[in-house]
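Remarks on the structure that follows.
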Amino acid sequence: MRPVFREDHEQFRETARRFVDKEIVPHLHEWEHAGIVPKSLWLKAGEAGLLCSTVPEEYGGSGGDFGHSAVMIEELARANATAVGFTTHSEIVAPYIVAYGSEEQKQRWLPRMVSGELIGVIAMSEPGIGSDLRAMRTTARREGDDYIVNGQKTFITNGGNAGLMVTATKLDPADKKLTLVCVEEERPGFAKGKLLEKIGLKGQDTSELFFDNVRVPVGNRLGAENEGFKYLTHQLAWERTIIGIRACASIEALLEETIAYTRDRKVFGQTVFDFQNTKFKLAECKAQATMLRAFVDDCLAKAMRGELTAEVGAMCKLMGSEMQGKVLDELLQLHGGYGFMSEYKVSRAWVDARVARIYGGTSEIMKEIISRSL
C-alpha cells in the first residue's frame, strides 16, 4: 500500500476495480463505436457509491477526500476507460457546487449528481479562444430576476449526456470579468450540438453547447457576480493534478502489459524481451515511471492536506502528460505492428494520451505558470 493512501482508500479501490472490470471494460469497444456511454452506467456507478466521493454526507455523498478521488481516477486509467466521464462530473463540477453553491443549490443538484441521475459539465471553452478564458464571448444579461444567456461552448466533456452546465459567462461583453451560471438542459433556448469526432477519447461524449436567449433565474448563479475567474483558477491546481494522476496510472498499467507482451512474443528464435534493446528501453520506462509516481503521490498528499499550489499542480500536469506521451510511444514501439492495431490497449492509450498535453491548459501554459515562481 502506498503511503499516501489509508486502509479505507484501498477498500474503496477494491470496490472501484470490481465495478470497472465488470461494468465498464467489457463494453468499452461498443461505447467507443457509439461515441457515448449510456446513462444507465452512471446510475449503476451512483448506486455503487463511486460518484462524487468528496461530496459531504448531508448532500448524499460519502464525505471522502482527494484520496478516494485519486483511487477512482487510477482505476479508470488502468483500464484505459477514457470513454467514461466520471472524473469531470465528480472531481470538477461537483466541487464547484460544494465550494461556491448556496445551500438551496447544493440540496437541489448534489444528491442527483451523487446518484448519477444528473450529469454535470463545466462549460468554459469556446470556439477560437483556446486557453484565453478572459476572451470568451458568452454573455448573461440581467433582466429582472433572470439572466438571459447567449453564446456557444465547445469541446465539452459529457456534453451529450449533460443535464447541468456550469457555464462561464460575462455580464458585460466588454469586460474581462466572468460569472458562473448553472443552466439545466430543459431550459428553452438551450441546445446540444452533435457529438464531436476526435482522434482519441472516441467513447467520450464531447459536444458543442448552444445558448440562444436562455432564461435562467438569478438563483442559478454560482457564487458572486464577476468572481468566476477567481473560482476557476482556485480549482485548477487540483484539476491539473488529476491529469498527472491519470497519466501516471496509465504508464504503470501499460508498462506491466508491455513487459508481459515482450516476454511472450518471439522473433528470430527468442522473446522480444531477451533483446538488450528491449530490456534497456523497459528499464528506462520503469525508472521514469517510478520517479513520476513519487512526485505525483507527493502532489496528491499536498492536495489532501490543502497545500497544493498552482505551480505544483501545473508541474504535475506538465510532467505527467509529457512523460505519458513519451513512454507510451516507446511501449507501442515494442509491440511492433500489433501496436498499431486498435485491438491492443497500448494503441488506444497512446492516441488517447495525446490530448493530455492540450486540455486543462496546454503544456505551454503550464510552463508559463511555473515560470512565474522562478
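All residue numbers in this chain count up from 1 along the given sequence.
You'll find the side chain of Met113 reaches within 4.5 Å of the side chain of Ile97, heavy atoms only. Counting heavy atoms from C-beta on, the side chains of Glu257 and Val346 never come closer than 4.5 Å. Between Trp31 and Ile24, some side-chain heavy-atom pair lies under the 4.5 Å cut-off. At least one side-chain heavy atom of Glu7 sits less than 4.5 Å from a side-chain heavy atom of Gln11. Contact of the Leu222 side chain with the Val181 side chain is not registered, since no non-hydrogen atoms from C-beta on lie closer than 4.5 Å. Residues Leu282 and Ile259 form a side-chain contact, since some pair of their non-hydrogen atoms from C-beta on lies under 4.5 Å apart. Val214 places none of its side-chain heavy atoms less than 4.5 Å from the side chain of Ile148. Using a 4.5 Å cut-off on side-chain heavy atoms (C-beta onward), Leu164 and Cys182 make contact.
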Residues Gln324, Val327; criterion side-chain contact (heavy atoms from CB on, under 4.5 Å); working and verdict: CA-CA 5 Å; Gln324 183 184 21; Val327 171; over 6 Å; no
Residues Glu184, Asn220; criterion side-chain hydrogen bond (donor to acceptor under 3.5 Å, both in side chains); working and verdict: CA-CA 9 Å; Glu184 299 96 339; Asn220 275 27; 3.0 Å; yes
Criterion side-chain contact (heavy atoms from CB on, under 4.5 Å) on Leu178 and Tyr231, from CA distance to verdict: CA-CA 9 Å; Leu178 306 180; Tyr231 299 155; over 6 Å; no
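Between Tyr59 and Glu103, the side chains place a donor N or O and an acceptor N or O closer than 3.5 Å (distance only, hydrogens not considered). Glu126 and Thr154 share no side-chain donor-acceptor pair at under 3.5 Å. When only modelled atom types and interatomic distance are considered, Asn150 and Thr139 share no side-chain donor-acceptor pair under 3.5 Å. There is a side-chain donor-acceptor pair under 3.5 Å between Glu322 and Ser363. There is a side-chain donor-acceptor pair under 3.5 Å between Tyr147 and Arg221.
Salt-bridge annotation for Arg372 and Glu368: present, with a side-chain N of the basic residue lying under 4.0 Å from a carboxylate O of the acidic one. Using a 4.0 Å cut-off between charged nitrogen and carboxylate oxygen, Asp21 and Arg17 do not count as a salt-bridge pair. Between Asp298 and Lys302 there is a salt bridge, since a side-chain N of the basic residue sits under 4.0 Å from a carboxylate O of the acidic one. Between Glu239 and Lys317 no salt bridge is recorded (no basic side-chain N to carboxylate O distance below 4.0 Å). Using a cut-off of 4.0 Å between Lys/Arg side-chain N and Asp/Glu carboxylate O, Glu364 and Lys367 are scored as not salt-bridged. No salt bridge links Lys39 with Glu117; every basic N to acidic carboxylate O contact stays at or beyond 4.0 Å. A salt bridge does not link Arg240 with Glu311: none of the charged nitrogens is closer than 4.0 Å to a carboxylate oxygen. Under a 4.0 Å N-O distance rule, the pair Glu208/Lys153 does not qualify as a salt bridge. A salt bridge links Glu143 with Arg215; the closest basic N to acidic carboxylate O contact falls under 4.0 Å. With respect to the salt-bridge test (charged N to carboxylate O, under 4.0 angstrom), the residues Glu284 and Lys286 do not qualify.
Remark: the backbone N or O of Glu343 is paired with a side-chain donor or acceptor of Arg348 at under 3.5 angstrom. In this structure a side-chain-to-backbone donor-acceptor pair under 3.5 Å is present from Ser115 to Arg112. Judged purely by atom type and a 3.5 angstrom limit, Lys170 has no side-chain atom pairing as donor or acceptor with the backbone of Thr179. For the pair His68 (side chain) and Ser53 (backbone), a donor-acceptor distance under 3.5 Å is absent. In this structure a side-chain-to-backbone donor-acceptor pair under 3.5 Å is present from Ser373 to Ile370. Looking at Ser347, its side chain does come within 3.5 Å of a backbone N or O of Met341 through a donor-acceptor pair. For Thr362 (side chain) and Ile358 (main-chain N/O), no donor-acceptor pair under 3.5 Å exists by modelled atom type. No donor-acceptor pair closer than 3.5 Å links the side chain of Arg108 to the backbone N or O of Leu110. Judged purely by atom type and a 3.5 angstrom limit, Lys202 uses its side chain to pair as donor or acceptor with the backbone of Lys198. At least one donor-acceptor pair under 3.5 Å links the side chain of Thr167 to the backbone N or O of Met165.
By the neighbour-count criterion of 12 heavy atoms within 6.0 Å, atom CD of Glu47 is sparsely surrounded, having that number or fewer from other residues, nucleotides or ligands. The environment of Lys192 atom NZ is dense: over 12 non-hydrogen atoms of other residues, nucleotides or ligands sit within 6.0 angstrom. Within a 6.0 Å sphere centred on CH2 of Trp42, heavy atoms belonging to other residues, nucleotides or ligands number more than 12. Within 6.0 Å of CD on Gln270 lie more than 12 heavy atoms contributed by other residues, nucleotides or ligands. Shown here is Met315, whose CE atom has more than 12 heavy atoms of other residues, nucleotides or ligands within 6.0 Å. Open room surrounds CD on Glu197; 12 or fewer heavy atoms of other groups in view lie less than 6.0 Å from it.
Gln276 CD to Asp274 CG: the interatomic distance, rounded to the nearest 0.5 Å, is 12.0 Å. In this structure, the separation between OG on Ser250 and CG on Asp352 is 8.5 Å, given to the nearest 0.5 Å. Ile243 CD1 to Cys248 SG: the interatomic distance, rounded to the nearest 0.5 Å, is 14.0 Å. One distance of note links CZ of Arg78 with CD1 of Ile73; it measures 12.0 Å at 0.5 Å rounding. Atoms CG and CG, on Leu308 and Leu236 in that order, are 11.0 Å from each other to the nearest 0.5 Å. Atoms OG and NZ, on Ser321 and Lys326 in that order, are 10.0 Å from each other to the nearest 0.5 Å.
Identified under the side-chain hydrogen bond (donor to acceptor under 3.5 Å, both in side chains) test for residues 333-342, with sequence neighbours left out: none. Within the structure, the ring pair (Phe, Tyr, Trp, His ring centres under 6.0 Å) test picks out the following pairs touching residues 183-211 (sequence neighbours left out): Phe190-Phe211.
Residues Arg134 and Lys176 approach most closely at NH1-O, 3.7 Å, considering heavy atoms. Counting all heavy atoms, side chain and backbone alike, Val20 lies closest to Met72 at CG2-CE, 4.3 Å. Taking every heavy atom of both residues into account, Leu300 and Phe66 meet most closely at CD1-O, 3.7 Å. Leu180 approaches Gly228 most closely through the heavy-atom pair CG-CA, 4.0 Å.
Under a hydrophobic clustering in which Ile, Leu, Val, Met, Phe, Trp and Tyr are joined whenever their side-chain heavy atoms come within less than 4.5 Å, directly or via other members, Val166 and Phe155 fall into different clusters. Hydrophobic clustering, with ILVMFWY side chains joined whenever heavy atoms are under 4.5 angstrom apart, groups Leu76 together with Phe12.
In terms of the side-chain hydrogen bond (donor to acceptor under 3.5 Å, both in side chains) criterion, Thr309 has no residue partners (sequence neighbours excluded).
Partner of Ile119 under the side chain to side chain contact (heavy atoms under 4.5 Å, CB included) criterion, chosen from Asn161, Asp205, Val37: Asn161.
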